[in-house]
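Heads up, the thing below is written out as structure tokens.
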Amino acid sequence: MEGFFRVRVSFGGSRSSYGRRIPVATTETQSRARARQYNASQVEAKWQKAWEEAQLAKTPDHSERPKWYALTMYPYPSGDLHIGHWYAMAPSDSAARFKRMCGYNVLFPMGFDAFGLPAENAAIQRNIHPHTWTMANIENMRKQMRSMGAMFDWDREVITCLPDYYQWNQWLFLQFMKAGLAYQAKAPVWWCPKCQTVLANEQVVEGECERCHSEVSRRDLTQWFFRITKYAEELLDFSKIDWPDRVVTMQTNWIGRSEGARVVFTSEQDDSIEVFTTRPDTLWGATFMVLAPEHPLVEKLTTDEQRDDVEAYVRQARRQTEIQRTNTENEKTGVFIGAHAVNPVNGERVPIWIADYVLMGYGTGAIMAVPAHDERDFEFARKFDLPVRVVIRPEDSDLSDETITEAYAGEGVMVNSAHFDGTPTADGEAVSQVIEWLDEQGRGSGEINYRFRDWLVSRQRYWGTPIPIIYCDSCGTVPVPEEDLPVVLPEDAEFKPTGESPLKTHEGFVNTICPSCGAAAKRETDTLDTFVDSSWYQYRFLNPHYVDGPVDPDKAAEWLPVDQYTGGIEHATMHLLYARFFAKAMRDIGLLTIDEPFTRLYNQGIILGEDNEKMSKSRGNVVDPDELVSEQGADVVRLYLMFIAPWDQGGPWNSRGISGIERFVRRAWAITDETADLPADDDVDPDVDLQLRKALNKAIQVVGDDIGDFEFNTMLARLMEFVNELYQLRERGATSSPAWRESLESLALMLAPSAPHLAEELWHRLGGEFSVHQQAWPSFDPGLTVEATVELAVQINGKVRDRLETAVDADEETVLAMAMASSRVQDGIGDKQVRKVIYVPGRILNIVVG
RNA sequence: GCCGAAGUGGCGGAAUGGCAGACGCGUCGGUCUCAAAAACCGAUGGCCGAAAGGUCGUGCGGGUUCGACUCCCGCCUUCGGCACCA
């Protein structure tokens with residue numbers, strides 16, 4: 001196995017203490033001490049083997065126990081398990097293990113998000129087939145994951161690049177088509193003129209082709225879409241899930257719901273020009289119209305004398321990247337097209353312009369411009385000297401067309417708006433009245449618009465799921481019949497340096513016959529976005545070899561939804577929104593009975609390099625988990641990652657800080673090893689005995705609470721405190737107490753979720769039955785977790801002057817009398833009057849004087 | 001520009017209305033050792049003080065409260081998301 005790991009140059013400044021100890025001559029006592037030292041690599045290998053033999057990680061499909069489906073986002077098989085993978089997976093594993101000890105039948109599967117561009121790049125650069133490259137990486141990463149000691153049930157592994165998985169992508173695609181959820185439309189793609197190929201967004205770097213640095217441009221291509229916008233309203237409803245607020249906010253903003261009205265303007269040539277506005281109450285202030293440069297009416301409406309200017313502007317707009325074009329810092333540009341339109345509310349004639357600040361992809365691609373009440377329109381009007389008319393007047397103001405210096409977007413009353421004059425805008429009053437009136441008049445209607453678009457799933461790549469479609473000259477677009485699935489990726493693909501998909505030129509793949517008429521036909525050569533794979537993989541784990549559909553309905557009824565999902569925040573709007581869409585679509589097709597895929601979500605943070613920068617090979621600040629595991633052991637790495645900071649916060653790696661965890665592991669081992677065989681007897685000091693039992697019961701309570709809440713850093717602090725207490729109590733004879741052994745056993749149990757190997761070894765040393773991971777989480781006596789007496793702080797005017805030992809439930813009279821007897825309190829009061837006394841039992845006594 | 005999160009010792013962090021700095025790193029002192037490492041014990045926010053103790057202190061400025069790291073208002077800084085979305 002060692003041969004598989006590359007030999008690495010060790011990174012600076014972090015040499016472990018083990019390394020320095022070796023060449024030193026040993027004395028007899030030292031070698032005896034060494035023999036009793038905890039040997040992580042030996043212990044870890046031993047137990048990993050035992051667990052695998054006993055199939056401890058295997059989750060039964062059915063159980064008397066309540067189910068708990070814990071899932072952490074599956075990785076892309078990039079080749080090596082990064083410390084970031086450890087940071088995501090190890091604490092997730094600890095939480096899942098804790099649930100299992102709490103009595104749940106826990107499912108915690110793992111797989112690989114195996115399609116994607118890097119495999120194709122490897123094929124081009126190193127002449128390795130994507131399949132070979134991907135599967136070798138998976139093999140390696142599986143081994144690395146085993147070294148973590150996680151309880152992944154590998155029998156359920158899902159690998160998305162295998163036909164066993166991706167045929168169900170194709171099957172789902174066909175069901176989506178039938179349900180009207182998949183459709184074709186033209187959409188722009190990036191095109192590299194030199195490579196003669198389509199580029200993915202990430203292959204376009206600052207407007208240039210990543211490979212040849214030619215300037216890229218946009219091209220319209222017919223592509224496949226999933227109708228996610230159909231579920232916009234349901235996707236805005238988060239009432240059935242318990243997710244972090246920031247993710248809910250991000251998705252809500254991403255969906256971008258806005259309420260308003262669709263209003264029909266008319267050109268002088270009698271074309272309807274529809275606009276969307278959230279402020280129909282400002283319709284009377286529209287002094288011009290603006291169309292997107294790509295708007296279909298631009299060509300028709302442009303007058304001959306304006307044509308040259310308009311065409312030049314359109315050409316220039318098309319060349320710009322989305323980023324250039326939507327930069328808010330840009331000064332407004334635009335061209336008058338020579339035509340006019342009629343405002344439906346007052347019959348006024350307004351000029352029509354085109355400008356790139358109006359986007360074809362949102363609303364109708366045309367706006368009514370109300371410069372007095374919209375910042376962008378105001379800027380445009382000032383630049384091109386267009387009229388500004390105030391139609392909302394703020395209270396106590398004489399804002400007018402002449403005095404206005406910036407757009408006013410606030411509340412007020414309608415003015416210059418015919419019979420609506422005087423209508424207040426507050427609480428949407430004016431908007432709803434105007435919409436009602438527009439509707440009656442047939443000049444417009446209420447409408448809701450969304451910022452997000454349908455999901456473009458076509459990718460012009462090889463290493464993905466072939467879209468199961470055939471194009472026939474006579475029958476058109478024909479879905480591949482379900483019985484012909486899967487459409488398999490050809491293995492003998494030829495990868496060109498340009499990155500062009502080998503499918504396009506693969507005769508054997510492209511040429512086929514039409515399933516409906518039998519004539520010669522061509523296959524679709526686009527493949528599906530890999531986000532399709534990850535939108536439903538959580539269901540496939542339940543029965544990855546199920547042959548009658550993507551999801552085994554019996555298992556789904558048993559296990560879904562996922563109870564706890566963990567993963568990076570970077571997936572807040574894409575993966576997590578797509579997965580929610582898939583749950584709803586699959587439900588409506590009859591494949592699922594759930595509304596939401598993941599009930600609870602937790603986002604861990606990011607581990608940075610020691611220099612507080614993102615880890616990257618070029619910076620040389622990458623922390624290699626394999627190296628750490630071989631030096632310090634997997635448990636130390638797991639524990640240290642949990643100890644660094646709150647899990648959702650992440651933070652910089654610190655190679656010195658890890659020694660605290662090493663020390664803790666050694667101390668936990670040493671106290672167990674050194675005292676496990678000491679007999680209990682009766683001569684223990686009752687006070688020491690009580691202290692020991694209190695320490696134990698408090699630890700069980702707090703550690704359990706913390707791990708259940710993903711507060712791993714404080715959980716470890718409590719465990720450290722408990723071990724420190726054991727050391728102190730040992731000095732006072734506590735090992736004679738019957739509670740001593742119970743304490744050692746509980747320590748092993750409390751360590752089991754987080755340091756699975758160490759815990760097993762401790763358990764074994766204590767003579768416990770294999771395995772510690774099949775034991776229940778220890779219970780605690782609530783009576784022993786509360787103290788009878790506390791040290792109460794006594795304040796004078798909010799400043800602590802003395803501390804009193806009092807009963808927790810002592811009454812105010814008693815406590816005040818004790819406080820008044822204190823000379824320090826008397827000094828604090830001096831000759832001042834006691835004005836007020838605040839007593840919070842067990843917390844504080846504050847005497848207010850003045 | 002808008003939305004969100006965060007700002008606490010030399011460092012990572014703890015405390016979400018009640019004794020700021022738990023736990024850990026580091027540093028200093030001690031025990032053991034020929035010596036070192038490891039281990040163990042102790043100290044460790046700043047300032048004043050021999051000490052007892054005092055005093056200041058949770059990004060900045062206000063406020064609420066008997067009491068604020070914590071709640072409210074205004075700012076500054078950092079990070080993340082969205083960004084001409086009509």
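Each chain gets a letter, A, B and so on, in the order its sequence line appears, and its residues count up from 1.
The nucleotide whose nearest atom lies closest to any side-chain atom of R666(A) is, among C40(B), A39(B), G54(B), A39(B). Which of C84(B), G12(B), G13(B) sits closest to the side chain of F643(A) comes down to G12(B). Of the candidate nucleotides G24(B), G67(B), A83(B), G24(B) has the atom nearest to the side chain of M720(A). You'll find that the side chain of W254(A) is closest to C82(B), out of G4(B), A86(B), C82(B). Across A22(B), C66(B), A83(B), the shortest atom-to-atom separation from the side chain of K836(A) is found for C66(B). Comparing A86(B), A22(B), C66(B) against the side chain of R718(A) picks out A22(B) as the nearest. The A717(A) side chain lies nearest to A22(B) when the options are C19(B), A22(B), G12(B). Residue E721(A) has its side chain nearest to C23(B) when only C23(B), C19(B), C25(B) are considered.
Distance noted for atom P between A68(B) and C19(B): 11 Å (whole Å). A20(B) and G74(B) have their C1' atoms separated by 26 Å, given to the nearest Å. On the C1' atoms, G7(B) is 11 Å away from C69(B), given to the nearest whole Å. Separation of the P atoms belonging to C82(B) and G21(B) is 41 Å when rounded to the nearest angstrom. The separation of G9(B) from C28(B), taken at their C1' atoms, amounts to 16 Å, rounded to a whole angstrom. Straight-line distance between the C1' atoms of U16(B) and U70(B): roughly 5 Å, to the nearest whole Å. Nucleotides G18(B) and U27(B) place their P atoms 35 Å apart, quoted to the nearest Å.
Nucleotide C82(B) forms a Watson-Crick or G-U wobble pair with G1(B), both donor-acceptor distances falling under 3.5 Å. Base-pair partner of U77(B): A6(B) (Watson-Crick or G-U wobble, both distances under 3.5 Å). Under the Watson-Crick or G-U wobble criterion, with both distances below 3.5 Å, U16(B) has no partner in any strand shown. Judged by Watson-Crick or G-U wobble contacts below 3.5 Å, the nucleotide A68(B) has no partner. In this structure, A38(B) forms no base pair with any nucleotide, since neither Watson-Crick nor G-U wobble geometry is met with both distances under 3.5 Å. Under the Watson-Crick and G-U wobble criteria, each requiring two contacts below 3.5 Å, nucleotide G45(B) is paired to C56(B). As the counterpart of A22(B), no nucleotide is assigned, since no Watson-Crick or G-U wobble pattern has both distances under 3.5 Å. Within the shown strands, nothing qualifies as a pairing partner of U33(B) under the Watson-Crick or G-U definition with both distances less than 3.5 Å.
Classified by its glycosidic torsion, G46(B) falls in the anti category, the angle being over 90° from 0.
With rounding to whole Å, D374(A) atom CG is found 17 Å from G1(B) atom P. If you take CE of M368(A) and C1' of A86(B), they are 8 Å apart, rounded to a whole angstrom. The interatomic distance linking F664(A) (CZ) with C25(B) (P) rounds to 12 Å, in whole Å. A5(B) atom P lies 20 Å from atom CD of E570(A), rounded to whole Å. Rounded to whole Å, atom C1' of C82(B) lies 14 Å from atom CG of L577(A). Following rounding to the nearest Å, I606(A) (CD1) and A5(B) (C1') show an atom-to-atom distance of 14 Å. Atom pair I838(A):CD1 and A68(B):C1' shows a separation of 14 Å (rounding to whole Å applied). One can place CH2 of W669(A) at 18 Å from C1' of A38(B), the figure rounded to the nearest angstrom.
For C19(B), neither phosphate oxygen OP1 nor OP2 lies less than 4.0 angstrom from any side-chain nitrogen or oxygen of R801(A). Side-chain N/O atoms of Q649(A) include one lying less than 4.0 angstrom from OP1 or OP2 on G13(B). Proximity of K799(A) to the phosphate of C56(B): a side-chain N or O atom is located under 4.0 Å from OP1 or OP2. Taking 4.0 angstrom as the limit, N724(A) places a side-chain polar atom (N or O) nearer than this to OP1 or OP2 of G24(B). OP1 or OP2 of A39(B) sits under 4.0 Å from a side-chain N or O of R663(A). For the OP1/OP2 pair of A14(B) and a distance below 4.0 Å, the side-chain nitrogens and oxygens of N713(A) include at least one atom meeting the criterion. Here R843(A) does not reach the OP1 or OP2 of G67(B): none of its side-chain N or O atoms lies under 4.0 Å away. Contact check, T249(A) against G81(B): no side-chain N or O comes under 4.0 Å of OP1 or OP2. Distances shown here put every side-chain N or O of R246(A) at or beyond 4.0 Å from the OP1 or OP2 atom of A6(B).
You won't find any donor-acceptor pair under 3.5 Å spanning the side chain of R656(A) and the base of C25(B), going by distance alone.
Defined by atom type and a distance below 3.5 Å, a donor-acceptor pair is missing between the side-chain atoms of E662(A) and Y38(A).
Of the possible donor and acceptor atoms, none in the side chain of Y408(A) sits under 3.5 Å from a partner among the backbone N and O of V390(A).
A pairwise comparison of heavy atoms in Q632(A) and V636(A) identifies O-CG2, 3.3 Å as the closest pair. A pairwise comparison of heavy atoms in S94(A) and I707(A) identifies O-CD1, 4.0 Å as the closest pair. In terms of heavy-atom proximity, L438(A) sits nearest to A261(A) at CD1-CB, 4.4 Å.
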Apply side chain to side chain donor-acceptor pair (under 3.5 Å) to the pair S655(A) and E610(A), showing each step before the final yes or no. CA-CA 8 Å; S655(A) 54; E610(A) 292 215 59; 2.8 Å; yes
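For the atom pair CD (Q316(A)) and CG (D356(A)), the distance works out to 6.5 Å, reported to the nearest 0.5 Å.
Counting any heavy atom pair closer than 4.0 Å across all strands shown, V840(A) reaches a base atom. Residue R667(A) is classed as a sugar-phosphate contact, given heavy-atom separations below 4.0 Å to backbone atoms only. The residue S659(A) sits close only to the backbone: its heavy atoms come under 4.0 Å of sugar-phosphate atoms, none of a base. As judged by a 4.0 angstrom heavy-atom cut-off over every strand, P652(A) is placed among residues making no nucleic acid contact.
Using a cut-off of 4.0 Å between Lys/Arg side-chain N and Asp/Glu carboxylate O, K698(A) and E787(A) are scored as salt-bridged.
Under the 4.5 Å side-chain criterion, counting only non-hydrogen atoms from C-beta, N39(A) is not in contact with W669(A).
Comparing I844(A) and G798(A) by the nucleotide of RNA chain B whose heavy atom lies nearest to each, the residue mapping closer to the 5' end is I844(A). Mapping R279(A) and Y727(A) onto RNA chain B via the closest heavy atom, the residue that lands nearer the 5' end is Y727(A).
Judged by the 6.0 Å and 45° rule, R451(A) forms a cation-pi pair with W254(A).
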